[in-house]
S.K.: 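A single structure is presented below for examination.
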Amino acid sequence: MTITTLDTPSATPLLDWYDRHHRDLPWRVTPGMAARGVKADPYHIWLSEVMLQQTTVQAVKPYFARFLERWPEVTDLAAAENDAVMAAWAGLGYYARARNLKKCAEAVAKEHGGIFPDTEEGLRSLPGIGDYTAAAVAAIAFNRQAAVMDGNVERVISRLYAIATPLPAAKPMMKEKVALMTPAARPGDFAQAMMDLGATICTPKRPACSLCPFRDACKALKLSDPEFFPVKAAKKEKPVRYGAAFIAVTDDGEILLRQRVASGLLGGMTEVPTTAWTARTDGETSAEAAPFDAAWQACGTVIHVFTHFELRLSIWRAAIAAKVGTNDGWWEPVTNLEAQALPTVMKKAIATAIPLAFKTSKG
DNA sequence: AATTCGTGGAT
DNA sequence: TATCCAAGAAT
């Protein structure tokens with residue numbers, strides 16, 4: 001029996017809605033499957049949750065399939081080469097996730113005998129697992145009564161209780177509401193139901209309130225303005241940074257690449273030689289900053305928007321007869337670029353200089 | 001507590 | 001076109 005108060009709506013209508021309208025996702029054990037005895041795989045749940053951090057379901061699906069095909073068990077991922085994991089993650093963004101994913105797999109393999117901890121606290125201590133992911137894995141994979149709160153849940157709760165306090169200040173209060181609502185029975189389904197509701201009904205724009213299992217309890221709907229919630233703090237404007245990137249290709253089709261430092265922006269990923277990315281446009285975006293002397297030709301500009309700044313990258317190209325000695329890079333056959341840990345901005349830069357470098361150019 | 005960290009689809 | 005923002009974590 002779930003304890004409810006005057007201000008705590010029952011989870012039952014939501015769970016009933018979930019039984020009928022849940023999304024079918026590759027990593028998910030649906031209520032129907034669970035009824036036939038299928039258990040969620042903690043490795044699958046963990047992998048999907050890390051990939052889904054600030055990332056859409058659509059973007060995650062092909063990556064999730066490739067990771068599982070290549071590394072079927074967490075011990076396989078633990079034994080993988082770092083470069084292989086980074087290359088497999090390339091394009092998904094937030095690359096610290098991939099670095100921590102590998103560390104977490106190694107910790108599970110070496111310190112936990114290949115078995116994921118089954119408590120929120122145990123999970124929370126692993127690399128790349130924060131408050132949300134620890135609660136999500138505990139609830140979904142281990143049926144723990146953990147309070148799961150992501151961006152979807154924040155939106156649902158903010159509307160359900162008409163919370164006018166701006167995010168992120170309102171998070172602690174909102175998490176208390178989630179904890180009070182989370183049932184002892186089916187806590188994992190409750191968490192997934194809240195997220196499905198936020199993704200399909202209680203959407204940021206034009207929520208489908210008439211279809212919502214909380215329509216009778218929702219305070220924002222009673223106020224006739226659900227879209228007003230959640231209130232968010234104003235965000236800063238994005239500065240513009242400038243730089244140059246240099247694509248050198250030999251006559252036998254090899255391109256000069258190098259590896260970025262292990263931490264920070266695009267940490268540990270592969271890049272073509274570039275200048276520093278700064279707020280100034282003079283000097284640093286010219287061929288004078290090239291890694292070596294050659295007949296560098298300007299061939300365009302790549303504009304790429306990161307989370308907190310916009311990058312305008314001048315692209316320079318040089319066709320050279322033979323490899324030039326390099327301290328910190330290597331020459332890679334252009335035909336092998338697909339296997340490299342190249343972030344999207346670097347693929348755009350290369351595609352600008354070598355239009356046929358990739359099968360699917362997103363530049 | 002405020003910043004830093006990618007990318008692409010939807011509106 | 002510009003803005004939002006998507007199953008957040010680390011520092």
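We name chains A, B, ... by the order of the sequence lines, and we start the count at 1 in each one.
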S.K.: Nearest to the side chain of A/Leu265 - C/dA6, C/dA9, B/dC5?
M.R.: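 That would be B/dC5.
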S.K.: Within less than 4.0 Å of OP1 or OP2 of B/dT7, is there a side-chain N or O belonging to A/Tyr95?
M.R.: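 For B/dT7, OP1 or OP2 has a side-chain N or O of A/Tyr95 closer than 4.0 Å.
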S.K.: More 5' along DNA chain B: A/Lys205 or A/Tyr94, using each one's nearest nucleotide?
M.R.: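 Mapping each residue to its closest nucleotide by heavy atoms, the 5'-most match is A/Tyr94.
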S.K.: Show your reasoning for whether side-chain hydrogen bond (donor to acceptor under 3.5 Å, both in side chains) applies to A/Tyr132 and A/Gln53.
M.R.: CA-CA 9 Å; A/Tyr132 163 76; A/Gln53 290 165 7; over 6 Å; no
S.K.: Pick the closest DNA chain C nucleotide for A/Arg124 and for A/Pro204 by heavy atoms, then say which residue is nearer the 5' end.
M.R.: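 Per heavy-atom nearest nucleotide, the more 5' residue is A/Pro204.
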S.K.: Near DNA chain B, which residues from residues 21-30 of chain A have a heavy atom under 4.0 Å away?
M.R.: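 Correct list: empty, so none.
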S.K.: Could one point to a donor on the side chain of A/Thr55 or the base of C/dG8 with an acceptor on the other under 3.5 Å away?
M.R.: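 Result: no qualifying N/O pair found.
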S.K.: Given B/dT7, C/dA6, C/dA7, identify the nucleotide with an atom nearest to the side chain of A/Tyr132.
M.R.: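 Nucleotide nearest to A/Tyr132's side chain: C/dA7.
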S.K.: Could you please name the option among C/dA10, B/dG9, B/dT7 that lies closest to any side-chain atom of A/Gln58?
M.R.: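 Per side-chain heavy atoms of A/Gln58, the pick is B/dG9.
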S.K.: Using the C1' atom in both, what is the distance from C/dA7 to B/dT3, to the nearest Å?
M.R.: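 Here C/dA7 and B/dT3 have their C1' atoms 22 Å from each other.
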S.K.: In terms of side-chain heavy atoms of A/Phe306, which of C/dA6, B/dG6, B/dC5 is nearest?
M.R.: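 When the side chain of A/Phe306 is considered, B/dG6 is the closest of C/dA6, B/dG6, B/dC5.
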S.K.: Please figure out whether A/Met149 or A/Lys235 has its closest DNA chain C nucleotide nearer the 5' end.
M.R.: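 Taking each residue's closest nucleotide, the earlier one in sequence belongs to A/Lys235.
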S.K.: Quote, to the nearest angstrom, the P distance that separates C/dT11 from B/dG6.
M.R.: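 C/dT11 and B/dG6 have their P atoms separated by 14 Å.
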S.K.: Between B/dC5 and A/Arg99, is there an OP1 or OP2 to side-chain N/O distance shorter than 4.0 Å?
M.R.: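 It does not, given that no N or O in the side chain of A/Arg99 lies less than 4.0 Å from OP1 or OP2 of B/dC5.
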S.K.: Which of these nucleotides, C/dA10, B/dG8, C/dC4, is closest to any side-chain atom of A/Asn100?
M.R.: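 Looking only at side-chain atoms, A/Asn100 lies closest to C/dA10.
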S.K.: Of all the nucleotides listed (B/dT7, C/dC5, C/dG8), which has the minimum atom distance to the side chain of A/Val345?
M.R.: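 Between B/dT7, C/dC5, C/dG8, the one nearest the side chain of A/Val345 would be B/dT7.
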